[in-house]
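Naming convention: chains lettered A, B, ... in sequence-line order (proteins, then strands); numbering from 1 in each chain.
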Amino acid sequence: MTDQTLPPQYTPAAIEADLYRFWVEHGSFAPEASPRRAGGAGAPPLPYVIMMPPPNVTAVLHMGHGLNITVQDVLARFERMRGRPTLWLPGTDHAGIATQNVVEKLVAKEGRTRFDLGREEFVRRVWSYVDETGGAILEQLKALGSSADWSRTYFTLDADLSRAVREVFVRLYEKGLIYRGKYIINWCPRCLTALSNEEAEKSEVDGKIWRLRYPLASGQGFITVATTRPETMLGDMAVVVHPGDKRFHALLGQRVRLPLVDREIPILADEAIDPEFGTGAVKVTPAHDPLDFEIGQRHGLTPLDIMTPDAHLNETVPERFRGLDRFEARRRVVQEFEALGLLDGVDSHRHAVGRCYRCDTVIEPRLSDQWFVKMKPLAAPALDAYRTGQLRFIPERRGEEYATWMGNIRDWCISRQLWWGHRIPVWYCDACGTTTVSRDDVARCACGAVPRQDEDVLDTWFSSWLVPFSSLGWPERTDDLARYYPGSVLVTAPEILFFWVARMVMAGIEFMGGVPFDTVYLHGTVRDTQHRKMSKSLGNGIDPLEVIEKYGADALRYTVIASMAVGTDVILDPKDLETSFAPGRNFANKLWNAGRFILTNLPVATGTGDPVGRPYGGSIRPLAGPHANVVRRDELTLADRWIIARCDRMVREATVNYEKFRLNEAASAVYHFVWSDLADWYLEQAKPRLHGTQPGGDVARAVVARTFEVALQVLHPIMPYITETLWQRLPGRAPQASIMRSPWPRPARRA
RNA sequence: GGGCGAAUAGCUCAGCUGGUUAGAGCGCCUGCCUUACACGCAGGAUGUCGGGGGUUCGAAUCCCUCUUCGCCCACCA
């Protein structure tokens with residue numbers, strides 16, 4: 001005698017979509033719908049707000065999202081059930097380079113480039129691409145069971161957020177915190193744009209270092225320099241040695257005759273040189289190396305830019321080199337030095353090379369005009385917020401990383417030579433030479449001429465760092481802004497601590513007068529069994545949608561949560577999904593069957609709408625209808641009292657662990673209660689009573705119903721679908737009742 | 001070059017303020033298709049808690065050191 005409506009194996013695919021629709025249709029994810037805490041008196045509960053890190057609008061769901069989104073959903077569902085009006089605010093990021101690259105590839109399939117289309121047409125293409133495919137990632141997030149408030153979804157290029165971006169740009173400019181300057185920036189010769197330091201990924205390579213002889217202008221001997229990029233010698237403006245390096249004292253003040261280009265350059269002394277490295281003498285190319293640029297500034301050297309934007313040699317170099325690609329040029333330069341007998345030698349040399357984080361192209365340091373944000377004035381209060389405890393990190397050690405970074409912060413290059421993004425709100429008038437920075441488009445200059453807008457767009461993070469308030473309507477004073485700023489916790493991967501988290505703190509303090517959240521929870525990374533980060537290029541990824549289809553969202557969520565201690569990585573085997581997700585799948589099935597057994601043995605619902613039992617902590621009573629008697633304490637058997645005590649303990653443990661972000665411990669507490677205590681032990685011993693071969697069936701039923709319900713509630717944040725499904729089938733439920741609105745169980749006081 | 005983390009069962013990992021016989025999942029062995037579940041049940045084996053030293057009545061846990069991995073930051077040409 002089992003419940004024929006429930007199959008013996010849990011079939012997530014059959015329930016998830018309908019259930020998700022049920023939640024959405026009942027507005028369950030809006031903060032306005034959060035259940036009120038029992039009691040009611042006193043101040044209204046503090047809202048609980050999480051800003052979802054907006055996925056790239058072109059993103060395809062991967063396990064990194066799976067983990068990040070699950071953690072946030074667990075926290076949101078937990079706090080919601082505990083009675084706090086909960087807002088989990090979703091959005092998508094326009095992701096400048098990433099999105100532009102995707103569309104450029106599509107355009108390339110037509111045999112064209114973005115330059116063929118022109119700026120306006122290209123941007124139109126990106127918009128239509130985003131309109132068509134941009135919602136996909138959000139739909140995929142929903143499959144995970146995310147209880148985000150979709151009615152408030154934003155996009156970082158929306159009109160509202162654009163207004164915020166301009167407001168911020170203008171305010172910072174007027175405050176003198178935004179400036180334009182010449183600088184050596186990381187340049188991607190393929191994307192043709194500047195990259196921030198954070199976007200330039202260093203990777204070690206086995207390269208070479210060449211020793212080149214530069215003949216002295218006097219004709220007497222030479223000085224030998226070492227370089228990993230010989231081609232840059234065409235732009236050398238000096239040779240520099242350490243002032244204390246006796247080997248070169250006689251040469252200071254002399255000049256060398258630069259080979260190949262036949263140009264004289266000075267030999268200078270600078271503290272920045274390490275006499276121990278290489279030959280102790282360094283060639284200085286101010287236009288193509290950041291250190292060289294600094295040295296050049298100290299000594300008044302004029303930078304000579306020898307490259308085109310796509311890293312070919314330009315017209316400043318001797319004719320035979322013009323048009324050569326930088327690597328080709330490297331070979332040619334080395335060849336010629338060798339032919340001239342000026343190549344002193346070559347060594348293999350392991351060193352770090354910067355690469356574009358989007359396309360992996362080797363970065364070319366390049367001198368150019370860019371816009372910058374002066375960071376020190378913004379960083380100081382943000383560092384202070386951490387020092388004074390307004391901001392905490394989990395795990396704690398991340399706080400020190402944050403502090404170190406804040407303490408050594410450099411100015412932020414915010415201009416990007418892209419077409420897709422927030423256009424820089426600066427207009428130049430060629431007629432009268434004025435520069436206008438404005439919140440509104442400038443159609444006409446004060447002198448009457450038509451000005452041209454700056455060609456560049458802003459770094460994507462320049463809109464992202466504002467989302468804690470721009471997504472709530474800032475700079476307007478909206479109700480949402482008043483209600484939901486500041487937020488509570490930010491959940492993200494440590495990779496974007498500096499890209500995003502640190503900058504949000506700075507923006508929050510600068511524009512809202514306070515930190516945007518009090519807690520930053522940094523979770524680990526999903527890796528394969530060799531501890532490699534899962535990535536598309538390595539082909540070691542796991543498709544969360546495939547896992548959901550096979551084993552269900554709950555299985556995925558449970559597995560990920562259970563295998564993640566605070567701040568540690570999650571290791572999964574992409575080659576064996578079954579084994580990887582067995583913990584979640586097996587547990588879901590166990591729960592399902594315990595539920596089937598229990599539901600079968602409970603009285604049929606009477607439709608009175610009575611809840612099962614009273615709030616936990618009150619006395620246990622059996623179900624509504626013919627059994628509606630309160631169970632007296634002296635009716636409980638030893639086993640009954642035992643399982644109730646275990647249940648109490650489980651609630652205490654799980655609650656504390658949820659609060660402390662030890663989600664794996666919370667999961668483990670319910671897991672063992674359900675599996676070992678309730679199913680393996682209590683249900684087995686209660687079978688004679690439940691089946692009527694022993695007296696006391698009503699008491700056993702009451703205990704089963706109540707402890708099982710509590711387990712479902714405590715597990716709901718982690719496994720929302722299966723717990724809701726079973727909960728709704730408990731007898732006595734009103735037709736539209738939801739576990740999401742049931743009050744969080746409170747353990748009985750210890751007698 | 002700095003900073004940080006990790007090393008615990010065959011595998012992947014917990015072990016939070018030092019305190020009885022060190023835990024989980026998966027895998028393995030024995031017996032079970034017992035009318036909720038074989039994605040299961042009952043039972044079982046498996047650990048010099050990386051090496052060495054120290055503090056302590058007591059150390060996987062604290063300190064020092066070595067080894068091996070990993071991560072982050074950094075302008076070593």
Side-chain angles (χ1 to χ4, degrees), chain A residues 1-3 6-10 184 186 197-198 202 209-212 225-230 232-233 236 239-240 272-285 288-295 349 351-352 354 365 395 397-398 400-401 403-405 408 410 494-495 497-498 524-525 527-533 551-552 555 558-559 562-573 576 578-601 656-657 660-662 664-665 667-668 671-672 675-676 679-680 683-684 687 690-691:
Chain A
M1 47 175 245
T2 54
D3 190 332
L6 298 179
Q9 294 242 302
Y10 176 51
I184 290 276
N186 299 299
N197 281 335
E198 288 75 16
K202 297 278 178 166
I209 184 162
W210 288 267
R211 293 192 303 276
L212 307 178
V225 299
T227 180
T228 54
R229 292 185 296 151
T232 61
M233 64 79 52
D236 280 0
V239 172
V240 181
I273 305 306
D274 176 5
E276 302 295 313
F277 190 85
T279 62
V282 180
K283 57 187 272 322
V284 173
T285 323
H288 293 280
D289 185 273
L291 179 62
D292 291 8
F293 179 72
E294 280 177 30
I295 294 174
H349 179 57
H351 62 124
R397 60 190 159 81
R398 296 288 180 184
E400 286 308 308
E401 285 178 30
T404 306
W405 188 78
N408 302 320
R410 319 184 104 206
E495 290 99 276
L497 180 56
F498 307 125
T525 306
R527 298 176 185 279
D528 68 9
T529 48
Q530 296 167 54
H531 291 208
R532 297 178 306 178
K533 198 169 159 179
Y551 311 117
Y558 178 84
T559 301
S563 59
M564 185 188 64
V566 171
T568 64
D569 292 336
V570 174
I571 311 295
L572 294 168
D573 187 354
D576 190 353
E578 168 140 13
T579 303
S580 289
F581 292 94
R585 180 199 58 172
N586 294 355
F587 185 41
N589 196 239
K590 186 69 188 180
L591 197 69
W592 183 255
N593 277 290
R596 280 209 311 151
F597 175 77
I598 289 167
L599 292 174
T600 303
N601 285 285
V656 165
N657 284 313
K660 294 190 172 175
F661 299 91
R662 295 201 288 250
N664 60 325
E665 299 287 337
S668 163
Y671 181 96
H672 289 106
W675 204 311
S676 310
D680 287 351
L683 290 182
E684 290 302 325
K687 274 179 180 173
L690 294 172
H691 293 155

Q) C1' atom, B:C37 versus B:C32: distance in rounded Å? A) 15 Å
Q) Quick one: on RNA chain B, does A:Ala679 or A:Phe587 contact a more 5' nucleotide (nearest heavy atom)? A) A:Ala679
Q. Does the side chain of A:Arg410 get closer than 4.0 angstrom to OP1 or OP2 of B:A74 through an N or O atom?
A. no
Q: Find the distance A:Trp405:CH2 to B:C4:C1' and express it as a whole number of Å.
A: 18 Å
Q. When we call it a touch if two heavy atoms are under 4.0 Å apart, what does A:Ser563 touch: a base, just sugar-phosphate, or nothing?
A. nothing
Q: Report which part of the nucleic acid A:Gln9 touches: base, sugar-phosphate, or nothing (heavy-atom distance under 4.0 Å, all strands).
A: base
**Q.** Euclidean distance for P, B:U46 against B:A9 (whole angstrom)
**A.** 14 Å
Q. For atom P, what is the distance between B:A22 and B:A60, given to the nearest Å?
A. 9 Å
Q) How long is the line joining CZ of A:Arg585 and P of B:C26, in whole Å? A) 10 Å
Q: Indicate whether OP1 or OP2 belonging to B:A36 is found under 4.0 Å from a side-chain N or O atom of A:Lys687.
A: yes
(Q) Can you tell me how the ring of A:Trp592 sits relative to the ring of A:Tyr10, calling it parallel under 30°, perpendicular over 60° and tilted otherwise? (A) tilted
Q: Taking atom P in both B:C11 and B:U48, compute the distance separating them and give it to the nearest angstrom.
A: 12 Å
Q: Using a 3.5 Å limit on both pairing distances, list the dot-bracket string of RNA chain B from the 5' end; Watson-Crick and G-U wobble pairs count, crossing pairs take [ ], interstrand pairs take |.
A: (((((((..((((.....[...)))).(((((.......))))).....(((((..]....))))))))))))....
**Q.** Separation of B:A36 C1' from A:Leu591 CG (nearest whole Å)
**A.** 12 Å
Q: Specify the separation, in whole Å, of atom CZ of A:Arg596 and atom C1' of B:A38.
A: 13 Å
Q | A:Pro8 backbone acceptor or donor facing A:Asn593 side chain under 3.5 Å | A | yes
Write out a two-atom table: protein N or O, nucleotide N or O from nucleotides 29-33 of chain B, distance below 3.5 Å.
none

Q | Closest-nucleotide ordering on RNA chain B, the 5'-leading residue of A:Val570 and A:Trp675 | A | A:Val570
Q: Check for a donor-acceptor pair, side chain of A:Thr559 on one end and backbone N or O of A:Ala555 on the other, with a separation under 3.5 Å.
A: yes
Q: Would you verify whether the NZ or CZ of A:Lys687 falls within 45 degrees of the ring axis of A:Phe597 while also being under 6.0 Å from that six-membered ring's centre?
A: yes
Q: Specify the separation, in whole Å, of atom CD of A:Glu684 and atom P of B:G43.
A: 11 Å
(Q) Between the side chains of A:Glu578 and A:Arg585, is the shortest nitrogen-to-carboxylate-oxygen separation below 4.0 Å, so that they form an ion pair? (A) yes
Q) Minimum heavy-atom separation for A:Glu294 to A:Arg410, with atom names? A) OE2-NH2, 4.4 Å
Q: Quickly work out the A:Asp289 CG to B:C75 P distance and round it to whole Å.
A: 11 Å
Q) For the residue pair A:Leu690 and A:Asn601, what are the closest heavy atoms and their distance? A) O-OD1, 4.0 Å
Q) If the P atom of B:C13 is compared with that of B:G50, how far apart are they to the nearest Å? A) 15 Å
Q) Would you say the side-chain atoms of A:Asp289 pair up with the backbone N or O of A:Thr285, donor to acceptor, closer than 3.5 Å? A) no
Q.
Distance check, rounded to the nearest 0.5 Å: A:Asn586 atom CG versus A:Tyr558 atom OH?
A. 10.5 Å
Close N/O contacts between protein and nucleotides 16-25 of chain B (under 3.5 Å):
residue: B:C16; atom: O2; partner: A:Arg662; partner atom: NE; Å: 2.9
residue: B:C16; atom: O2; partner: A:Arg662; partner atom: NH1; Å: 2.4
residue: B:C16; atom: O2; partner: A:Arg662; partner atom: NH2; Å: 2.2

(Q) I'd like the C1' distance from B:A14 over to B:A77, given in whole Å. (A) 47 Å
**Q.** Pairwise P distance, B:U21 and B:G58 [rounded to whole Å]
**A.** 15 Å
Q: With P as the reference atom in both, quote the distance from B:C41 to B:A36 in angstrom, rounded to an integer.
A: 13 Å
